[in-house]
2 protein chains.
Amino acid sequence: MKATIYDIAREAGVSIATVSKVINGKGKISEERRREVMAIMERLQYQPSVIASALTGKHTYTIGLLLPDLSNPFFAEVARAVEDRGHQLGYSVVMCSTDNKDERIERYLSLLKQQRVDGIILATGIGSAEQLKKLNHAMPVVVIGREVPESNLPTVVADDWGGGKAAAEHLLALGHRRMAVFAERLSITSSRERLRGFRQAIEEAGFTLTDEAIVICDDRIDDGRRQASALLRGSDRPTAVFCFNDLLAVGVLQAAKEAGLSVPAQLSIVSFDNTILAEVTDPPLTAVAQPMTHIGASAVDLLLEEIGSKPKIKARIALPTELVIRRSTGRIVE
Amino acid sequence: MKATIYDIAREAGVSIATVSKVINGKGKISEERRREVMAIMERLQYQPSVIASALTGKHTYTIGLLLPDLSNPFFAEVARAVEDRGHQLGYSVVMCSTDNKDERIERYLSLLKQQRVDGIILATGIGSAEQLKKLNHAMPVVVIGREVPESNLPTVVADDWGGGKAAAEHLLALGHRRMAVFAERLSITSSRERLRGFRQAIEEAGFTLTDEAIVICDDRIDDGRRQASALLRGSDRPTAVFCFNDLLAVGVLQAAKEAGLSVPAQLSIVSFDNTILAEVTDPPLTAVAQPMTHIGASAVDLLLEEIGSKPKIKARIALPTELVIRRSTGRIVE
DNA sequence: GCAGCAGAAGTAAGCGCTTACCTGTATAAA
DNA sequence: TTTATACAGGTAAGCGCTTACTTCTGCTGC
């Protein structure tokens, strides 16, 4: 029913080796034969089987993308970029939303191995450097958005430190002194870097950021809101908060409104990521923009390099962030 | 380097057929042997090659999902659901953002065929019923969110008609009479159904919806905003608008604010989809909710049924929508 | 006029599995 | 004891490709 290389060969009166060669542009084939064969492939709507060719030890032209959640706009955007760049280069990409759960990660990894994907892009928290090394021993891996200290894996990250710093400087320039930070788990390097940059700018300005001012949240709107509600209730509430992603920022914004605080007159909010959410709230969010498209595309490029080349130059790409000033930040109006 | 079925067989002192049988739970194998073999697979970290088994004429355990854009929250949500259900059933899913461009659709389809995916879920506009039939001739297809009149393909849709009707009834109950509709291309059935439901409710109430009140937009915030700006400028502007998705609704909301109109006091907005965007705007949007998770999961179920069974019962699933009332709708305040 | 060679094509051995079919053995039926 | 029979397992033929190697022509160059 479906044409195979044999059908093409028979129809063209040549051997399957010849057909294979014209498909892959290898070996010496006369221009004449090449045309004939191509014409027949066209006529029979022949689609070479990636499956079969993969079995011969080559590539499957498939890569896996592990991320926490596809329905999170940040990751959706990155995923879109990975997909685009991948397809552009002839690769399919298999998406895996892990919810950051070890069990799911295990399952997906196993599935991807069975599918013999050519490599994996990890944008999700995976256990130890140890595990990662083991994984990388099995197949090429590129890590997005996180440094894995001792793993020496190719990585693409945003300039988290610089982003944190820029956020602080912006807020300082507006006269803010009492600030809070809403962070996801500080176990991941990107969060720590954002915090480090933020704190450094504050200290350089001669102020301090106490540990109490750091709130750890789940990566969800409602958790941001819940925790912000508590924080904003106090009389020594901050005049500005820096959120480590848009979801948290939305939560904080909602809490502020519920508490009757006007943004930015009484509370300034700086977010991180700059997904579509930042444009849609009211006021729209000042945010440290991550180059999501760039991140995704770079990860693919790195991965394919890894897949293709022997010399394994473990690259680490850091992409610049950019502070996008919108209306959620301003001077305090007494 | 990577263990194969031969390695397992050798190690266990059995034939590869036996190993294959224990892997797939077929044939008669003594409990004892089974355990032995399993233990060895465990020890050698054996991962059977889906590639190889696919070649034997079975499944690749991969399905393709074609959608317009992964970074659109609506589709991201559906994609997440498809992915979840798919993985749950042992399938990988390959995402393809088509931007609704024929050229991209073609490329993806060809890629998916070469990858020999077991089936395809189509959530994107594809040309004619003709093309679809041809595609379905090549492999199982399930269509999401659209009826394809003469194709007789398994389909999962939301109750668009009911959603449109509910939107109108809500607005009518609030006293609105001059209403506009912001729609994506009316060439797709779901848009037409929403419109039909909306119009029907209006007519049943004894009013009419003129063609001038129907604005066709691209599926983007800025296009919604641009067109809304023009519409809201007139003195005979509507008091309520019904948008066919959240992106358009956000655009309309932004335009309203720019025009100095307060929502809902001077303009009510009902959206469709109920993605995260609807919760995040200010005011949050009253919206006809689509059961995105349910849609995605059902599509997978339908597809796997299609893949597995001979008798081909072409199902058509219509899932209920639900009006979620938030603060973007209300009575006109003179 | 012939060795040497490059160009063009074919041969056949796998890649890692599944499966139809065959074999050998212990048990039940005759 | 002989024969049928279910069990447990093995044999080997592919699935649709790639590729190292071989073969056959027709030229070059001396």
Side-chain angles (χ1 to χ4, degrees), chain A residues 1-38 40-41 44-62 90 111-118 138-139, chain B residues 1-38 40-41 44-62 90 111-118 138-139:
Chain A
M1 56 179 350
K2 207 168 184 54
T4 74
I5 203 173
Y6 286 96
D7 300 321
I8 308 298
R10 179 166 5 88
E11 204 75 3
V14 299
S15 74
I16 60 166
T18 302
V19 177
S20 175
K21 283 169 193 157
V22 350
I23 292 171
N24 301 294
K26 293 188 175 171
K28 308 276 180 186
I29 303 290
S30 67
E31 197 45 37
E32 200 190 340
R33 277 261 173 294
R34 157 166 275 108
R35 284 196 198 300
E36 281 172 31
V37 173
M38 300 265 268
I40 291 173
M41 293 196 300
L44 267 51
Q45 300 205 59
Y46 172 65
Q47 303 269 20
S49 163
V50 172
I51 293 297
S53 83
L55 195 53
T56 317
K58 293 287 136 201
H59 306 298
T60 53
Y61 294 99
T62 304
L111 219 172
L112 293 173
K113 280 180 193 160
Q114 294 182 195
Q115 300 270 9
R116 300 292 192 265
V117 296
D118 290 337
M139 72 180 92
Chain B
M1 57 179 347
K2 207 170 185 53
T4 73
I5 202 171
Y6 286 97
D7 301 321
I8 308 299
R10 179 165 7 87
E11 204 74 5
V14 299
S15 74
I16 60 166
T18 302
V19 177
S20 175
K21 282 170 193 157
V22 350
I23 294 172
N24 301 294
K26 293 188 176 172
K28 308 277 182 187
I29 304 289
S30 68
E31 197 45 36
E32 200 190 339
R33 276 258 174 293
R34 156 166 278 107
R35 283 195 199 299
E36 281 173 31
V37 173
M38 300 265 267
I40 291 174
M41 294 196 298
L44 268 49
Q45 299 204 56
Y46 171 67
Q47 303 269 18
S49 164
V50 173
I51 293 298
S53 82
L55 194 54
T56 318
K58 293 287 135 201
H59 306 299
T60 53
Y61 295 98
T62 303
L111 220 172
L112 293 174
K113 280 181 194 161
Q114 293 181 197
Q115 301 268 12
R116 301 291 192 267
V117 296
D118 290 337
M139 72 180 91

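By convention in this document, chain letters (A, B, ...) are assigned in the order of the sequence lines, proteins followed by strands, and residues within each chain are numbered from 1.
- For B/Y46, taking side-chain heavy atoms from C-beta onward, the closest of the listed nucleotides D/dA8, C/dC17, D/dT18 is C/dC17.
- The CD1 atom of B/I51 sits 11 Å away from the P atom of C/dC17 (whole-angstrom rounding).
- In the displayed structure, B/E31 atom CD is contacted under 6.0 Å by more than 12 heavy atoms of other residues, nucleotides or ligands.
- Between B/N24 and B/S20, some side-chain heavy-atom pair lies under the 4.5 Å cut-off.
- Base engagement by A/K21 is indicated by at least one non-hydrogen atom pair under 4.0 Å involving a base atom.
- Applying the 4.0 Å criterion to OP1 and OP2 of D/dG9, one finds that B/R33 has a side-chain N or O inside that range.
- One can place NZ of A/K2 at 15 Å from C1' of D/dC15, the figure rounded to the nearest angstrom.
- In this structure, CG of B/L55 is placed 5 Å from C1' of D/dG16, rounded to the nearest angstrom.
- Here the side chains of B/T62 and B/R116 are not in contact, with every heavy-atom distance at 4.5 Å or above.
- You'll find that the side chain of A/K58 is closest to D/dT19, out of D/dT19, D/dA8, C/dG10.
- You'll find a donor-acceptor pair under 3.5 Å spanning the side chain of B/Y6 and the base of C/dC17, going by distance alone.
- Using modelled atom types and a 3.5 Å distance limit, the side chains of B/S53 and B/T56 yield no donor-acceptor pair.
- Nearest to the side-chain atoms of A/I29 among the listed nucleotides C/dG10, D/dT18, C/dA9 stands C/dA9.
- Nearest to the side-chain atoms of A/K28 among the listed nucleotides D/dG16, C/dG7, D/dT19 stands C/dG7.
- Annotation: B/R34, atom CZ; neighbour count of heavy atoms from other residues, nucleotides and ligands within 6.0 Å is above 12.
- Across the protein-nucleic acid pair, A/H59 atom NE2 and D/dT18 atom P stand 13 Å apart, rounded to whole Å.
- Closest to the B/S53 side chain, of the nucleotides C/dG10, D/dT18, C/dC17, is C/dC17.
- Regarding A/K26, its NZ atom lies at a distance of 18 Å from the P atom of C/dA8, rounded to whole Å.
- A straight line from CZ of A/R34 to P of C/dG7 spans 14 Å, rounded to a whole angstrom.
- In this structure, A/Y61 places its OH atom 14 Å from P of D/dC17, rounding to the nearest Å.
- Here D/dT18 is the nucleotide among D/dA8, D/dA12, D/dT18 with the atom lying nearest to any side-chain atom of A/S20.
- Between B/K113 atom NZ and D/dG16 atom P there is a gap of 17 Å when expressed in whole angstrom units.
- Across the interface with DNA chain C, nearest-nucleotide mapping of B/A52 and A/I16 shows A/I16 to be the residue nearer the 5′ end.
- Checked against D/dG16, C/dC17, D/dG10, the side chain of B/T56 finds its nearest nucleotide in C/dC17.
- B/T18 has a side-chain polar atom (N or O) that falls below the 4.0 Å cut-off from OP1 or OP2 of D/dG10.
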